[in-house]
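Structure first, commentary second.
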There are 2 protein chains.
Amino acid sequence: METFAARGYNNASLAEIADRAGLTQAGVLHYFRSKALLLAGVLELRDRTDIELQGPERPRGLAFLRHLVDTARRNAEREGIVRMYAVLSAESVTEDHPAQEYFRDRYAGLRSLVVEALTEACERGEVREDLDVRDAANAVIAVMDGLQVQWLLSPDSVDMAASTERVISALLADFGAGPLPGPLPGPPDEAPASDTE
Amino acid sequence: METFAARGYNNASLAEIADRAGLTQAGVLHYFRSKALLLAGVLELRDRTDIELQGPERPRGLAFLRHLVDTARRNAEREGIVRMYAVLSAESVTEDHPAQEYFRDRYAGLRSLVVEALTEACERGEVREDLDVRDAANAVIAVMDGLQVQWLLSPDSVDMAASTERVISALLADFGAGPLPGPLPGPPDEAPASDTE
DNA sequence: GTCTATATTTGGATAGAC
DNA sequence: GTCTATCCAAATATAGAC
């Protein structure tokens with residue numbers, strides 16, 4: 001993970017990864033038949049470690065949106081993971097990248113979670129046209145991703161949680177719901193929580 | 001540009017670039033002493049070609065924000081450039097990447113342009129705390145960037161212009177200004193305009 | 001289960017001919 | 001100004017010993 005985060009997939013070498021893991025390059029290939037399979041293993045591991053937003057007991061509606069802001073705040077303490085996702089997600093749009101399907105699926109999943117949350121958050125017969133909600137959901141995901149790149153380049157110029165919160169609450173207000181209740185100063189530190197990026 | 005867009009910097013080879021340009025790899029290195037200098041040349045060329053948002057006659061305030069939405073719309077017709085910026089900007093956060101300074105400066109410049117525009121857009125003694133405006137500006141830039149990655153992976157799931165417009169106008173409303181006047185259906189096609197990404 | 005050795009490919013860069 | 005030839009380094013992957 002650290003190597004992929006620091007160098008991206010293409011520029012990462014099995015030799016460096018092997019070094020950090022305390023074995024040789026051939027040793028790594030004994031467990032993962034190829035570099036691409038190793039990447040798949042890393043991504044899969046993260047998905048299992050971060051129980052993320054799966055399961056039926058995940059937060060819904062407003063609680064979910066607040067959870068996104070909390071995630072942005074927690075991410076400021078986890079540069080490694082942020083860097084890995086920022087680098088790999090963008091790199092995945094290049095030709096024949098081994099993580100392309102992974103990120104396509106990931107975004108599709110996130111998209112429907114956020115659409116659902118936005119819809120529940122501003123209960124009303126029809127919140128607005130469905131399309132509008134999808135546009136807003138894409139925007140929410142996009143802000144979080146885009147902020148990460150800016151933050152990685154200039155940490156002092158970016159407050160990921162504040163910017164995320166501002167967009168979400170502005171969108172909600174625009175939809176006719178009240179602003180994000182129980183807003184920014186959320187629990188400064190939560191228990192064994194999980195995350196999104 | 002096409003090669004860097006399709007493969008990123010690290011994975012792009014001088015051989016492929018030379019092929020497309022109709023000369024040999026050694027020929028390319030005759031004009032650009034190294035791969036990193038070639039990348040610098042490409043980025044510099046784009047900056048000079050797209051007069052972008054420089055000069056004193058650039059749009060200001062609301063007009064500038066509307067210009068951003070227009071740019072998002074135009075970008076949907078320029079996959080190559082979008083891909084190049086999306087890939088390179090994220091790749092630039094990796095260790096020792098030759099475009100790191102370029103993108104740091106680029107974001108700093110964009111940031112101050114958007115801060116200025118937001119401030120002018122909602123004329124009021126103090127719009128709100130300065131910090132809030134900076135957070136909003138970062139968010140605007142972030143949405144545009146983040147949407148590009150999603151769009152490159154799944155064009156049919158993302159409407160870059162619509163999502164961008166929604167965020168900007170929601171933020172403005174939140175600041176107390178009216179919603180983006182002369183909103184979405186901007187000039188479907190403008191003259192020799194320029195762009196942002 | 002881990003290593004050494006090596007095959008194979010590819011990349012960036014240099015030297016020098018034409 | 002462009003090419004050929006070549007160097008050197010690095011990378012992925014495989015074969016086979018211990």
Side-chain angles (χ1 to χ4, degrees), chain A residues 1-46 48-49 80 83-103, chain B residues 1-46 48-49 80 83-103:
Chain A
M1 279 184 44
E2 289 167 8
T3 302
F4 284 143
R7 310 214 179 283
Y9 171 77
N10 281 311
N11 203 35
S13 81
L14 289 178
E16 176 181 336
I17 292 168
D19 264 7
R20 295 216 201 185
L23 37 62
T24 64
Q25 183 249 23
V28 171
L29 286 177
H30 173 70
Y31 295 96
F32 300 90
R33 314 264 314 253
S34 75
K35 193 185 175 186
L37 288 176
L38 172 59
L39 175 65
V42 167
L43 293 173
E44 192 210 335
L45 172 66
R46 267 241 67 83
R48 273 190 296 111
T49 301
R83 176 172 265 113
M84 187 181 90
Y85 273 106
V87 169
L88 293 182
S89 62
E91 191 180 22
S92 80
V93 311
T94 59
E95 275 179 19
D96 302 315
H97 195 282
Q100 218 166 87
E101 194 185 338
Y102 173 85
F103 280 105
Chain B
M1 281 185 41
E2 289 168 8
T3 302
F4 284 143
R7 311 212 179 284
Y9 172 77
N10 281 310
N11 204 35
S13 81
L14 290 179
E16 177 181 335
I17 292 167
D19 263 6
R20 296 217 202 183
L23 35 64
T24 63
Q25 183 248 23
V28 171
L29 286 177
H30 174 70
Y31 296 96
F32 299 91
R33 315 261 313 257
S34 74
K35 193 184 175 187
L37 288 176
L38 171 59
L39 175 65
V42 168
L43 293 173
E44 192 209 336
L45 172 66
R46 266 240 71 83
R48 273 188 297 112
T49 301
R83 176 173 264 115
M84 187 181 88
Y85 273 106
V87 170
L88 292 182
S89 62
E91 191 180 23
S92 80
V93 312
T94 58
E95 276 179 18
D96 303 315
H97 195 283
Q100 219 168 86
E101 194 184 339
Y102 173 85
F103 280 105

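Per chain, numbering begins at 1; letters A, B, ... match sequence-line order. Since the structure is predicted, the reported quantities are computational estimates derived from the model, not experimental observations.
Of the candidate nucleotides D/dG1, D/dA13, D/dC3, D/dA13 has the atom lying nearest to any side-chain atom of A/L14. Considering only the side chain of A/Q25, D/dA13 comes nearest among D/dT4, D/dA13, C/dC3. Comparing D/dC3, C/dG12, C/dC3 by their closest approach to the side chain of B/A26 singles out D/dC3.
Rounded to the nearest 0.5 angstrom, A/L23 CG and A/H30 NE2 are separated by 10.0 Å.
Whole-Å rounding puts the A/I17 CD1 to D/dA11 C1' distance at 12 Å. At whole-Å resolution of the value, CD in B/E16 and P in C/dG11 are 9 Å apart. In this entry the distance linking CZ of A/R33 with P of D/dA15 reads 10 Å, nearest Å. Here the P atom of nucleotide C/dT10 and the CG atom of B/D19 are 13 Å apart, to the nearest Å. Taking atom CG of A/L29 as the reference point, atom P of D/dT14 lies 8 Å away to the nearest angstrom. Following rounding to the nearest Å, A/L38 (CG) and D/dA13 (P) show an atom-to-atom distance of 10 Å. If you measure from atom CG of A/L37 to atom P of D/dT12, you get 14 Å, rounded to the nearest angstrom. Protein atom OH of A/Y9 is 14 Å distant from nucleotide atom P of D/dA11, rounded to whole Å.
With a 4.5 Å cut-off on side-chain heavy atoms, A/L39 and A/F32 do not count as touching. By the 4.5 Å heavy-atom criterion applied to side chains, A/L88 and A/Y9 are counted as neighbours.
Backbone-only engagement by A/A12 is indicated by non-hydrogen atom pairs under 4.0 Å involving sugar-phosphate atoms exclusively. Counting any heavy atom pair closer than 4.0 Å across all strands shown, A/S13 reaches sugar-phosphate atoms only and no base atom. B/A21 comes within 4.0 angstrom of no nucleic acid atom, judged by non-hydrogen atoms across all strands.
Here the side chain of A/Q100 pairs a donor or acceptor atom with the backbone of A/S92 at under 3.5 angstrom.
Of all heavy-atom pairs between A/G8 and A/V87, the closest is CA-CG1, 3.5 Å.
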